[in-house]
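First the proteins, then the strands, lettered A, B, ... as listed; each starts at 1.
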Protein chains: 2
Amino acid sequence: MRIGELEQRSGVPARMLRYYEEQGLVTPRRLDNGYREYDEYLVDRVAKIRGLIDSGIPTRIIGNILPCLNQPQRVVVDDADPELLEILRQERDRMTHKIDVLSQNRDAITRYIQALETAGSRHGTRERQPA
Amino acid sequence: MRIGELEQRSGVPARMLRYYEEQGLVTPRRLDNGYREYDEYLVDRVAKIRGLIDSGIPTRIIGNILPCLNQPQRVVVDDADPELLEILRQERDRMTHKIDVLSQNRDAITRYIQALETAGSRHGTRERQPA
DNA sequence: ATCAACCTTCACATAAGTGTAAAGCCAGCA
DNA sequence: TGCTGGCTTTACACTTATGTGAAGGTTGAT
C-alpha cells in the first residue's frame, strides 16, 4: 500500500511515517515512480513504534528491538551478536523498570481519584456512579 | 537540605534540580542567602519525577499528578476541580496503555533473547547459565 | 585569603516532530 | 490532447521538550 493508506489504517500521519523512515525504523520498497510501497504487516509495526516512542523508548533503541517483533516470525539470526544481546537485556530491564514506575504512580493516581470522588459525593457533588 | 545534598541523595544532578524547579515541579524554600532549601520528602519526590519523565510523562502532566504523591498524605482538596479530575482519569488511562505496550514488547524481547541464547548454546557459544 | 558550594543567565545540544513550498506522478475527463 | 485535482516526492526551516555547559558573581567555612 502507499503512504496515504498506511496513514489511514495505522493512524500515524504520513509526515511521521517519512520521519520514521529517516530514522531507520521502516524502509518501504519504492515503486517505479518513487512512491513508497508498504507491506501489510507494517500497519501493526508502525502502531507499535508509536506506542514505544510514547512510552519513552528512543528511536535509536527501537531500531534494535524491532527484529524481536517480526510479524512473519522470521529466522532468529544464526549466531547471536553478543553486543546486541547485551543491549536487548539492558533494554528489557529498563522496560521492566518503567513498568514498575508507571504502575506505582498509576495506582497512586487511582487512589487519589477515589479519594476525590468520595469527598465530592459527600458534598453532594454529581459524580459518575461506580459501574 | 541544600541542593548539593539532594543531588547526592537523589542521584539527580543539581543542574536538573534547578531545571525542574523552572518547570514548576519542585519549589524549595529559600534561605536568607538565596540558597535553595529542600525538605526531606523531596528526595523521593525528585526520584519519582525522574522515573516519570523517563517513562514518557511530560513535565506539564507530572505537575498535575504530583498532588497524588504527597508524602505527608495531605488533605485531599475539599472540593474536587472536575477539570483536574478528568485530566487525572485520562492520565491514569494513558499510563495503563503505556504499561500494556511496554509489557507486550518486553515479553517479545524476552522471548527473542531466549531464542538467541538457545541458538547460541546449540553452536557451542559460551553463555551465562540460568540461575 | 582562599576555595568549594551556591547563585543567575545565556547559550548550545539533542530528540521528536511539524509546516510548507516546489515539483513529479497519474487518473479522469472535456 | 491537454488540463485539473489529488496524492506523492524532497528539502529546508521551525518548534517544543529536556536537558547541558559555562561564564561571572555571591556566600560561607577554614
Counted 5' to 3', the first and last nucleotides of DNA chain C within 4.0 Å (strictly under) of a heavy-atom of chain A are dA16(C) to dC26(C)
Pair Arg94(B) + Glu91(B), salt bridge at N-O below 4.0 Å: yes
### Task
Report yes if some heavy atom in the side chain of Ile62(A) is under 4.5 Å from a heavy atom in the side chain of Leu25(A); otherwise report no.
yes
Value for CD1 (Ile109(A)) from CD (Gln104(A)), rounded to nearest 0.5 Å, stands at 12.0 Å
Rounded to the nearest 0.5 Å, the CG atom of Leu66(B) sits from the CG atom of Leu52(B) at a distance of 8.0 Å
OP1, OP2 of dG28(D) versus side-chain N and O of Asn33(B): anything below 4.0 Å?
yes
In whole angstroms, the gap separating P of dT9(D) from CD of Glu22(A) amounts to 13 Å
Given protein heavy atoms under 4.0 Å, the one-letter contact record of nucleotides 12-25 of chain D, with B base, S sugar-phosphate only and - none, is simply B-----BBBBB---
Distance col, row Ile57(B):CD1 vs Ile65(B):CD1, nearest 0.5 angstrom, shows 6.0 Å
Q) Judged by modelled atom types alone, do Thr96(A) and Arg106(B) share a side-chain donor-acceptor pair under 3.5 Å? A) yes
Rounded to whole Å, CG of Leu17(A) lies from P of dT10(D) at a distance of 13 Å
Glu21(A) CD to dT8(D) P, in whole Å, measures 13 Å
Whole-Å distance, Leu31(B) CG to dT27(D) P, equals 13 Å
On DNA chain C, more 5' by nearest nucleotide between Gly4(B) and Arg2(A) is Gly4(B)
Check your understanding: Looking only at side chains, do Tyr20(B) and Arg50(B) share a donor and an acceptor under 3.5 Å apart?
Key -> yes
Hydrophobic cluster identity match, Tyr35(B) and Val46(B), side-chain contacts under 4.5 Å | no
